[in-house]
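Take a look at the structure below.
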Amino acid sequence: MSEEKGLNFIEEIIEADLQSGKHTSIATRFPPEPNGYLHLGHAKSICLNFGLALKYGGKTNLRFDDTNPITEDTEYVESIKADVRWLGFNWSEELYASDYFEQLYGFAEKLIEKGLAYVDDSTSEQIAEEKGTPTQAGKSNQYRQRSPEENLMLFRGMRAGKFKDHEKVLRVKGDLASPNMLMRDPVIYRIKHAHHHRTGDAWCIYPMYDFAHGQSDSIEKITHSICTLEFVPHRELYDWLIKHLEIFPSRQYEFARLNVTYTVMSKRKLLQLVQEKFVNGWDDPRMPTISAMRRRGFTPESIRDFCDKIGVARRENLIDVGLLEFCVREHLNRIASRRMVVFDPIRVVVQNWNGPDTEMLSGENNPENPDVGHRNIPFSKEIFIEREDFMEEPPKKYFRLSPGQMVRLKHAYIVKCTGFKKDDAGNVTEVHVEYIKESRSGSDTSGLQVKGVIHWVSAAHALNAEVRLYDRLFRVEDPSTIEGDFREHLNPDSLRIQKVMAEPSLAGAQPGEKFQFLRMGYFTPDPDSTPGSPVFNRTVTLRDAWAKEQKKQ
RNA sequence: UGCCCGAUGGUGUAAUGGCAACACAGCAGAUUUUGAUUCUGUUAUUCUAGGUUCGAGUCCUAGUCGGGCAACCA
């Protein structure tokens with residue numbers, strides 16, 4: 001099906017590597033740092049890494065890049081594992097960079113012995129100063145000349161805890177004149193007397209990213225190490241270390257990270273929103289995190305489809321959030337059960353009702369899928385309809401209720417408006433209709449053709465519920481590039497809570513279930529629901545041609 | 001004013017020296033017991049200037065514009 005689409009540049013590289021015999025199978029990895037929750041940008045990376053292995057018959061490891069004990073925590077490890085699984089992927093092995101601390105330490109000693117690394121006593125300010133600038137070469141210092149023997153002794157002292165934090169670092173002996181700042185003697189080990197979430201207090205020195213990531217790739221024999229564009233300058237160091245350590249030559253390839261309109265995709269900013277309580281936690285349904293999207297009612301299928309549609313390339317991009325919405329609507333349309341819920345009720349009295357107190361009607365659960373059957377819906381003399389579905393003086397092309405006009409009540413009868421009541425303030429308080437007895441859904445012999453169909457709930461049977469209506473988190477398309485503090489551009493109306501009247505079959509709705517509230521949008525029960533008072537999150541609205549039509553006026 | 005990366009409709013992505021296409025969005029219409037879904041049609045694209053070539057979105061050179069690089073973060 002998707003065969004029509006050309007290969008992305010990474011697939012091209014892999015196919016070339018497979019064809020040339022450079023590799024007989026491939027290995028990728030997804031390497032999150034356990035210092036935050038996964039977001040949609042990670043989903044792109046997950047789909048890419050796991051997808052590649054699936055497509056070419058290789059394997060993908062889940063590897064936690066846990067080299068900074070200060071910011072990392074097992075809470076994040078657990079959430080990350082849950083999110084990857086929920087997205088529908090299975091890793092080959094669950095690994096941690098910290099598993100390799102001993103091996104990494106050995107690599108460092110090897111570098112020292114080769115005269116390619118040295119212990120530096122400078123402060124970080126001095127190191128930064130001596131590094132020069134992009135247009136100015138760096139300077140050497142006295143420590144750079146230390147012998148391998150002295151360096152080894154000092155480095156062992158570092159490991160043994162003889163020094164305090166910041167007192168010494170281990171640096172690569174690179175090229176202080178390199179146009180690539182990362183090659184100007186990068187720090188590869190620092191002292192941190194800190195408790196690590198897995199190794200506890202076994203270590204007081206920790207490798208830096210550049211001395212852990214590529215080496216872990218190599219240890220795991222990762223063939224294609226895929227990361228985002230900001231790591232492009234690191235590739236030279238990545239290759240340099242592999243060469244001098246004489247280890248398995250993993251190769252790094254970079255792609256452009258995902259950006260989506262009206263949100264932010266940086267762990268730092270998301271953490272800030274959580275800590276400063278702009279949102280109610282990492283899984284607040286307004287967040288672009290995987291856990292938030294799950295809570296909001298997105299499906300793994302729709303997220304995978306989205307990641308597939310946005311493609312993989314090397315140019316910066318800003319994806320219209322409308323594409324994400326399209327993907328989730330497309331999936332939910334196929335699987336969501338239809339229900340009727342009135343958000344802003346107005347009472348309707350069927351004046352000529354002479355049927356039973358309660359008549360049970362039947363409504364299809366999903367017109368896209370007859371297999372999922374029907375549910376019963378009670379009808380009675382008094383019902384609620386949406387306030388906006390009645391207008392005393394309707395505009396042109398208004399298909400709903402207005403004096404003298406007819407509409408169909410979905411799954412029920414055609415009714416004709418015969419009158420209405422207003423209060424002193426001029427608000428309509430009650431609408432009177434007469435129903436057409438022969439027009440019952442499924443057995444309509446009235447021969448009437450009505451353009452409008454509206455949803456309703458029986459007043460006597462209505463279930464009180466709460467809906468949480470989410471809108472974009474930010475008011476501006478690209479909050480990260482706009483001037484000033486990104487928090488100033490938060491959308492104050494990103495969450496609206498409303499009490500609503502639902503059809504009674506919604507009483508037992510369980511988290512995870514997907515519903516379409518007819519004409520209102522897709523919804524899913526929130527874990528905050530309690531027996532008898534369900535809470536629903538709006539995943540996404542329905543497309544609304546009428547709203548668009550009105551906007552034009 | 002050093003080095004690196006990038007530039008194709010409004011937004012993304014493809015076209016691998018040979019007819020610039022696909023999706024979303026937009027617009028117009030059809031169908032519809034959800035103004036939903038579905039269907040049909042349609043608008044709109046190769047940053048600039050040189051060069052190579054029978055032929056350039058694609059290769060080369062220069063420029064322009066955008067992004068990145070000077071953490072004991074990843």
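Reminder, nothing fancy here: chain letters follow the sequence lines and each chain counts from 1.
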When the [atom1] atoms of [M] and [N] are compared, how many Å lie between them, rounded to an integer?
{"N": "B/rG57", "M": "B/rC19", "atom1": "P", "answer": "10 Å"}
{"N": "B/rG50", "M": "B/rA56", "atom1": "P", "answer": "13 Å"}
{"N": "B/rG17", "M": "B/rC69", "atom1": "P", "answer": "34 Å"}
{"N": "B/rU46", "M": "B/rA15", "atom1": "C1'", "answer": "11 Å"}
{"N": "B/rC72", "M": "B/rC4", "atom1": "C1'", "answer": "25 Å"}
{"N": "B/rG67", "M": "B/rC73", "atom1": "P", "answer": "27 Å"}
{"N": "B/rA7", "M": "B/rC47", "atom1": "C1'", "answer": "7 Å"}
{"N": "B/rG26", "M": "B/rU58", "atom1": "C1'", "answer": "30 Å"}

Touch class at under 4.0 angstrom, heavy-atom based, for A/Arg338 against every strand present: base

Sugar-phosphate, base or nothing in reach of A/Phe517, heavy atoms under 4.0 Å: nothing

Shortest side-chain distance from A/Leu323, nucleotide among B/rU13, B/rU34, B/rC24: B/rC24

A/Lys548 side-chain proximity, nearest of B/rC24, B/rU34, B/rC27: B/rC27

Base-contact (B) and sugar-phosphate-only (S) positions in nucleotides 65-74 of chain B, heavy-atom cut-off under 4.0 Å, - elsewhere: --S-SBSBSB

Under 4.0 Å protein heavy-atom contacts per nucleotide of nucleotides 28-33 of chain B, with B for base, S for backbone only and - for none: S----B

Earlier contact from the 5' end, RNA chain B, for A/Gly311 and A/Trp546: A/Gly311

RNA chain B: 5'-proximal contact among A/Thr135 and A/Leu542 (nearest heavy atom): A/Thr135

Specify the separation, in whole Å, of atom [atom1] of [X] and atom [atom2] of [N].
{"X": "A/Arg400", "N": "B/rA36", "atom1": "CZ", "atom2": "P", "answer": "11 Å"}
{"X": "A/Glu236", "N": "B/rC5", "atom1": "CD", "atom2": "P", "answer": "11 Å"}
{"X": "A/Glu325", "N": "B/rU11", "atom1": "CD", "atom2": "P", "answer": "18 Å"}
{"X": "A/Tyr238", "N": "B/rC4", "atom1": "OH", "atom2": "C1'", "answer": "19 Å"}
{"X": "A/Glu549", "N": "B/rG26", "atom1": "CD", "atom2": "C1'", "answer": "15 Å"}
{"X": "A/Ile310", "N": "B/rG12", "atom1": "CD1", "atom2": "P", "answer": "11 Å"}
{"X": "A/Leu324", "N": "B/rA25", "atom1": "CG", "atom2": "C1'", "answer": "14 Å"}
{"X": "A/Asp308", "N": "B/rC22", "atom1": "CG", "atom2": "C1'", "answer": "12 Å"}

Helical stems, RNA chain B - three or more consecutive Watson-Crick or G-U wobble pairs below 3.5 Å: B:2-7 with B:64-69, B:10-13 with B:21-24, B:26-30 with B:38-42, B:47-51 with B:59-63

Close side-chain approach of A/Tyr398 to A/Met391, heavy-atom, < 4.5 Å: yes

Student check: side-chain heavy atoms of A/His197 and A/Pro34 closer than 4.5 Å: yes

Pairs meeting criterion salt bridge (charged side-chain N to carboxylate O under 4.0 Å, His left out) with involvement of residues 406-417 of chain A, two or more places apart: A/Arg408-A/Asp444

Residue pairs, two or more places apart or on separate chains, that pass salt bridge (charged side-chain N to carboxylate O under 4.0 Å, His left out) and touch residues 177-192 of chain A: A/Arg144-A/Asp185

Check against side-chain contact (heavy atoms from CB on, under 4.5 Å), A/Leu237 and A/Met183: CA-CA 6 Å; A/Leu237 218 207; A/Met183 297 306 289; 3.9 Å; yes

side-chain contact (heavy atoms from CB on, under 4.5 Å) evaluation trace for A/Arg198 with A/Asp66: CA-CA 9 Å; A/Arg198 298 193 86 234; A/Asp66 55 350; 3.8 Å; yes

Please write out the pairs of protein N or O atoms and N or O atoms of nucleotides 38-46 of chain B separated by less than 3.5 Å, giving the distance to one decimal.
none

Presence of salt bridge, A/Arg400 and A/Glu386, under 4.0 angstrom: no

Intermediate values then yes/no, salt bridge (charged side-chain N to carboxylate O under 4.0 Å, His left out), A/Asp308 and A/Arg304: CA-CA 6 Å; A/Asp308 187 52; A/Arg304 280 189 253 124; over 6 Å; no

Worked check of side chain to side chain donor-acceptor pair (under 3.5 Å) between A/Asn35 and A/Glu72: CA-CA 5 Å; A/Asn35 68 347; A/Glu72 295 155 7; 5.9 Å; no

Test log, rule side chain to side chain donor-acceptor pair (under 3.5 Å), inputs A/Ser362 and A/Arg375: CA-CA 6 Å; A/Ser362 173; A/Arg375 87 283 187 190; over 6 Å; no

Any A/Arg519 side-chain nitrogen or oxygen under 4.0 Å from OP1 or OP2 of B/rG35: yes

Derivation and outcome, side-chain contact (heavy atoms from CB on, under 4.5 Å), residues A/Arg329 and A/Leu542: CA-CA 8 Å; A/Arg329 282 188 191 114; A/Leu542 256 29; 5.5 Å; no

Side-chain donor-acceptor pair present, A/Asp478, A/Thr481, cut-off under 3.5 Å: yes

Polar contact flag, side-chain donor to acceptor under 3.5 angstrom, A/Asn365-A/Ser337: no

Non-hydrogen atoms of A/Asn317 and A/Arg257 that approach each other most closely: ND2-O, 3.3 Å

Plane angle bin for A/Tyr105 and A/Trp203 - parallel if under 30°, tilted between 30 and 60°, otherwise perpendicular: tilted

Check against salt bridge (charged side-chain N to carboxylate O under 4.0 Å, His left out), A/Arg251 and A/Asp217: CA-CA 9 Å; A/Arg251 288 287 170 250; A/Asp217 286 340; over 6 Å; no

